[in-house]
Amino acid sequence: MGKWTVRFKYIFTFILLLPQLLVFRLIALVCPGIAKGILLKLGELSTMTQNPKFSFEDWGPTFFTLTFVKSVFFETLANCGDEAVEGEAAPNTTVLDLRGGLHKLHEFMRDGWSFRNNIEIQSHKNLQDRLNAAQILLKQDLPCPVVIDSMNDETASKYGALPERLYVLQSKKVIYKGGLGPFGYKPESVRAVLQKNN
């Protein structure tokens, strides 16, 4: 897919999203119970509601606010640099380890808007902010290496990964590209791909 096709796809998706947001906002004002039901169904699609810390009151009111729309807009712009395509070479972007050392993403391959209950992490203004945020993640005892993107967000852009997206890379190729999160975030699909390719 050419760069302009990718850009058009993301921008077109954002333009289609705007009237949906307005309609949903109207539903939320007139019939809040129906709006809550719709959001909970969307949460089930993303497995978000399976999180033991999930609370609709932390999550639901954050959707369809002006802050949400601005976040989606800027994430759409950032994703216009998406170069990761299933079956093709995986972009080998520069990432940093937690000591600030530069690496290429392929080195870590072996044959990465907020809700009210999330850990509060401000937008990263510099590399130290990113390193501090990664340290919080490390406290979860993850079974994989943790790296951070450079401040120009090269990896997030080339992988079209904002706000979140799951990938499986193997032999320096993209073998699985999930949908954009939170609703395209499907860990069970990743599990199936990993089991099939193990």
Side-chain angles (χ1 to χ4, degrees), residues 1 4-82 84 86 112-125 129-130 132-134 136-137 139-140 142 148-149 153 155-167 176-193:
M1 215 177 342
W4 285 106
T5 305
V6 169
R7 291 176 182 150
F8 177 76
K9 178 184 88 169
Y10 282 111
I11 292 168
F12 183 71
T13 301
F14 179 76
I15 290 169
L16 286 178
L17 181 66
L18 288 177
Q20 293 173 29
L21 292 172
L22 291 173
V23 168
F24 189 85
R25 193 71 181 149
L26 182 62
I27 292 170
L29 290 172
V30 177
C31 305
I34 292 174
K36 180 177 180 177
I38 292 169
L39 282 175
L40 286 172
K41 278 289 183 199
L42 290 172
E44 288 173 15
L45 290 174
S46 68
T47 68
M48 187 179 304
T49 54
Q50 294 173 17
N51 182 335
K53 295 181 180 178
F54 175 82
S55 166
F56 179 80
E57 289 68 29
D58 292 333
W59 175 73
T62 66
F63 274 75
F64 311 112
T65 61
L66 183 58
T67 303
F68 173 81
V69 173
K70 286 191 325 193
S71 293
V72 171
F73 174 74
F74 288 113
E75 289 163 1
T76 300
L77 286 180
N79 286 338
C80 286
D82 186 353
E86 267 186 46
W113 92 101
S114 69
F115 305 140
R116 289 185 196 146
N117 68 344
N118 273 7
I119 296 168
E120 187 63 35
I121 297 175
Q122 299 297 318
S123 293
H124 305 148
K125 294 183 176 37
D129 288 350
R130 287 213 166 154
N132 292 341
I136 293 169
L137 183 61
K139 291 177 184 173
Q140 302 299 315
L142 301 173
I148 60 172
D149 205 350
D153 296 323
T155 301
S157 177
K158 289 192 186 249
Y159 280 85
L162 291 172
E164 59 191 5
R165 180 174 255 155
L166 296 172
Y167 278 93
Y176 172 81
K177 178 179 183 174
L180 277 176
F183 305 118
Y185 191 81
K186 301 194 181 326
E188 67 278 4
S189 298
V190 172
R191 184 178 297 114
V193 169

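No hydrogens, no waters, no symmetry mates; every other heavy atom, side chains included, goes into these values. All residue numbers refer to positions in the sequence shown, counting from 1.
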Q: Identify the heavy atoms of Arg130 and Asp149 that sit nearest to each other, and give their distance.
A: NH1-O, 3.2 Å
Q | Considering all heavy atoms, the nearest Lys177-Tyr167 contact | A | CE-OH, 3.1 Å
Q) According to the salt bridge (charged side-chain N to carboxylate O under 4.0 Å, His left out) rule, which pairs have a member within residues 27-36, sequence neighbours left out? A) Lys36-Glu57
Q. Pairs in or reaching into residues 13-24: which pass salt bridge (charged side-chain N to carboxylate O under 4.0 Å, His left out), with residues at least two apart or in two chains?
A. none
Q: Kindly write out the residues that satisfy side-chain contact (heavy atoms from CB on, under 4.5 Å) with Ile27, not counting sequence neighbours, or none if the list is empty.
A: Val23, Ile34, Ala35
Q | Results of side-chain contact (heavy atoms from CB on, under 4.5 Å) for Ala134 - residues two or more places apart only | A | Leu98, Val146, Ile148
**Q.** From Arg191 atom CZ to Leu166 atom CG, the distance as rounded to the nearest 0.5 Å
**A.** 11.0 Å
Q) Can you list the residues that meet the ring-ring contact (aromatic ring centres under 6.0 Å, His included) rule with Tyr176, with sequence neighbours excluded? A) none
